[in-house]
Amino acid sequence: MAASSTMIPVITRTEHDRMAGSATPAVARIFEILELFESEQRPLSLREIVEWLGYPMSTTSAILKSMAALGYLRHDRSARTYIPTMRLAHLGTWSAAHDLPSETCMSALRQLCAETGELIYLAHRNDIYMQYLHINVGEKYGSPPQRPGATRFLVHTALGWSLMTFLDRRAVNSIIRRTNAILPPPDNCDPGTVLRAIERCREEGYAVSENTIRLGHGVIAAPLAFAHQHYAVGVAAPVERLRQHGPEYASKLLAMVSDVSTL
C-alpha cells in the first residue's frame with residue numbers, strides 16, 4: 001500500500017502523564033522508586049530519593065526497608081545507600097521473550113531506523129494504555145523522551161490509534177469511556193475525534209500525532225499484525241522534520257509493515 005502524498009489531519013494535544021494518578025499510591029511509589037534507580041543507575045540514599053520524588057521521609061524509609069527485607073534492595077549501612085539486587089534484575093527477564101516479536105521483526109525495525117535516521121517505536125496495547133516495548137534511536141535523533149515499558153493513553157497518540165484499529169467499535173468506546181473517567185474533565189478526549197482518527201488510520205494504513213509526548217515532536221505510526229500478536233510501529237521526529245519528510249517516512253513504514261506481516 002503506497003502512502004498518500006497528503007498527510008493525515010493531525011490531532012494536536014499536550015499529553016499529561018497521569019498514569020501514576022490512576023494507580024494505588026503505595027504501589028505507584030514503589031515503582032517510581034525503582035524507575036529512579038533505573039534512571040540514575042547508582043546507589044541512592046534515603047534523602048536523595050525523598051528529594052527526587054517528594055515523598056514523606058517516613059513513608060519512603062518504610063518502603064525501602066521493606067524492599068530490602070524482601071531481597072529486592074541491598075542496604076549499605078555504612079554509606080547509607082540502597083541499590084537493587086540481582087533478584088530484582090532477574091524478576092522480569094522471561095517476559096521479553098513473550099512480549100517482543102522474533103529477530104526477523106526486530107531486524108526490520110533496525111533497518112527502518114537506519115533508513116530514516118529517526119526514533120523507531122514498537123508498542124503494544126495494555127488495557128487502556130499504549131506501552132512501549134522497544135525503541136531504536138536513529139542518527140538524527142537525540143535521547144528518546146521515554147524508556148521501554150513507559151505507558152501513554154491509547155486515545156492520545158498515533159501509536160494508540162493504530163493499535164485500536166484491531167478493535168471493534170464497542171471495545172474502542174469502552175476504552176474512551178474508561179480513559180475519560182480517569183482524566184479531569186478539561187483533558188477528556190472527544191469520542192468522535194478518536195473514532196475518526198482510527199477510521200482514517202484503517203483507510204490510509206497509518207496515523208499521525210504531534211506534541212502528545214513531547215512538545216515539538218510527533219510520530220507517524222502503523223498497525224502491525226505479526227505471529228498472532230498486535231503491535232504498532234512508529235517513526236518519531238521533530239514536528240518540522242516530520243512534516244517535511246512525512247510522505248517518505250510513511251512509505252518506508254508501510255513497506256516495512258507489509259514485509260513483516262507476510263512472514
Side-chain angles (χ1 to χ4, degrees), residues 1-3 31 34-35 37-39 41 84 86-127 129-152 154 157-167 201-202 204-209 213 217-237 241-242 245-263:
M1 176 180 178
F31 285 100
L34 294 177
E35 288 178 347
F37 277 113
E38 198 278 334
S39 176
Q41 297 188 10
M86 291 303 296
R87 180 177 185 183
L88 185 63
H90 290 301
L91 195 61
T93 52
W94 62 274
S95 65
H98 179 270
D99 284 339
L100 293 176
S102 71
E103 174 56 28
T104 301
C105 182
M106 301 303 285
S107 177
L109 293 174
R110 291 192 293 271
Q111 181 63 30
L112 181 63
C113 183
E115 290 177 357
T116 62
E118 303 290 5
L119 197 66
I120 305 300
Y121 291 127
L122 177 71
H124 70 172
R125 183 171 70 89
N126 186 351
D127 193 27
Y129 305 107
M130 175 276 297
Q131 186 167 34
Y132 301 102
L133 292 176
H134 184 77
I135 301 174
N136 290 96
V137 182
E139 60 182 8
K140 297 180 184 177
Y141 213 95
S143 300
Q146 59 281 309
R147 299 184 300 272
T151 57
R152 295 292 184 271
L154 286 165
T157 72
L159 286 161
W161 306 330
S162 297
L163 287 165
M164 287 191 285
T165 62
F166 294 112
L167 305 176
C201 183
R202 289 192 177 111
E204 299 288 338
Y206 67 98
V208 182
S209 60
I213 303 302
H217 292 252
V219 61
I220 300 175
L224 168 65
F226 181 78
H228 308 293
Q229 298 292 326
H230 293 157
Y231 303 98
V233 180
V235 180
R241 198 157 68 223
L242 198 67
H245 299 285
E248 174 195 348
Y249 288 173
S251 180
K252 292 181 182 298
L253 173 62
L254 291 176
M256 174 266 175
V257 167
S258 177
D259 289 344
V260 172
S261 296
T262 60
L263 296 176

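Across A237 and L242, no two heavy atoms sit closer than the pair CB-CD1, 4.1 Å. Listed here is the closest heavy atom pair of A123 and L159: CB-CD2, 4.4 Å. Between A108 and V260, the closest heavy-atom pair is CB-CG2, 3.5 Å. A pairwise comparison of heavy atoms in S162 and A222 identifies OG-N, 3.6 Å as the closest pair. Nearest heavy-atom pair across T116 and Y249 is O-OH, 3.5 Å.
If you take CG on L122 and CG on N136, they are separated by 9.0 Å, rounding to the nearest 0.5 Å. The line from CG of L119 to NZ of K140 is 12.5 Å long, rounded to the nearest 0.5 Å. Note that CD of E118 and CG of L253 are 12.5 Å apart. Values are rounded to the nearest 0.5 Å. With values rounded to the nearest 0.5 angstrom, N126 atom CG is found 13.5 Å from Y132 atom OH. Interatomic distance, CD of Q229 versus CG of L133, reported as 10.0 Å (0.5 Å rounding). The CD atom of Q131 sits 11.0 Å away from the CG atom of L163 when rounded to the nearest 0.5 Å.
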* Asked: Given the rule in the side chain to side chain contact (heavy atoms under 4.5 Å, CB included) test, do S261 and L224 qualify, once you have shown the distances and angles that lead to the verdict?
  -> CA-CA 7 Å; S261 296; L224 168 65; 3.3 Å; yes

* To do: Check step by step if side chain to side chain contact (heavy atoms under 4.5 Å, CB included) holds for W161 and S209.
  => CA-CA 9 Å; W161 306 330; S209 60; 3.9 Å; yes

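A 4.5 Å side-chain heavy-atom check between V219 and T157 finds every atom pair outside the cut-off. For the pair V235/K252, no side-chain contact is recorded, criterion being any heavy-atom separation below 4.5 Å from C-beta on.
Applying the salt bridge (Lys or Arg N to Asp or Glu O under 4.0 Å) rule to E103 yields the partners R110; only residues at least two apart in sequence or on another chain are considered. F166 pairs by the ring pair (Phe, Tyr, Trp, His ring centres under 6.0 Å) definition with H230, not counting sequence neighbours. Legend: residues meeting side-chain hydrogen bond (donor to acceptor under 3.5 Å, both in side chains) with Y121, ordered by chain and number and at least two apart, are Q146.
Distance alone, capped at 3.5 Å, places no donor-acceptor pair between the R152 side chain and the M130 backbone.
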